[in-house]
Amino acid sequence: MFENAGYLLGKTYFDFQSNRTAMAFDVFHFGYQQTLDEAMRERDGKLYITGTGALWIEDIFAEYFSIEDFVLADILCFNYSVFGKSTG
């Protein structure tokens, strides 16, 4: 399964909102996180480390995976964004 995850994380993605620019998977992370973090702070009146993470954990469908699985996947994606090598 790690090989499959590495394949998906290493692919090239295209951002069609910015002239079809080729980017790595982490393009999905940086665009809207700050706005979502602020919306969660306003909604709950709490200062989250990450409002985005709080929302995702709130919406996890536990029948398919646990919070621990989600956290492991997030750590895996983060580490790949730092240490991974794009395979094109």
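The basis for the numbers below is simple: all heavy atoms, side chains too, and nothing from hydrogens, waters or symmetry mates.
Checked against side chain to side chain contact (heavy atoms under 4.5 Å, CB included), Asp74 has no partners two or more places apart in sequence or in another chain. For the salt bridge (Lys or Arg N to Asp or Glu O under 4.0 Å) test, residues two or more places apart in sequence or in another chain that qualify with Arg43 are Glu58.
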For residues 62-73, run the donor-acceptor check on the side chains, cut-off 3.5 Å, and write out each pair with its distance to 0.1 Å, sequence neighbours left out.
unit_1	atom_1	unit_2	atom_2	d
Ser66	OG	Glu68	N	3.3
Ser66	OG	Glu68	OE1	3.3
Ser66	OG	Asp69	N	3.1
Ser66	OG	Asp69	OD2	3.4
Asp69	OD2	Ser66	N	3.2

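What you find for Met40 and Tyr48 is that their closest heavy atoms are O-CE1, 4.0 Å. Taking all atoms of both residues into account, the shortest heavy-atom contact from Gly51 to Asp37 is N-OD1, 3.0 Å.
How far CD of Glu3 is from CG of Leu8: 11.0 Å, rounded to the nearest 0.5 Å. Note that the OG1 atom of Thr52 and the CD atom of Glu38 stand 10.0 Å from one another [nearest 0.5 Å].
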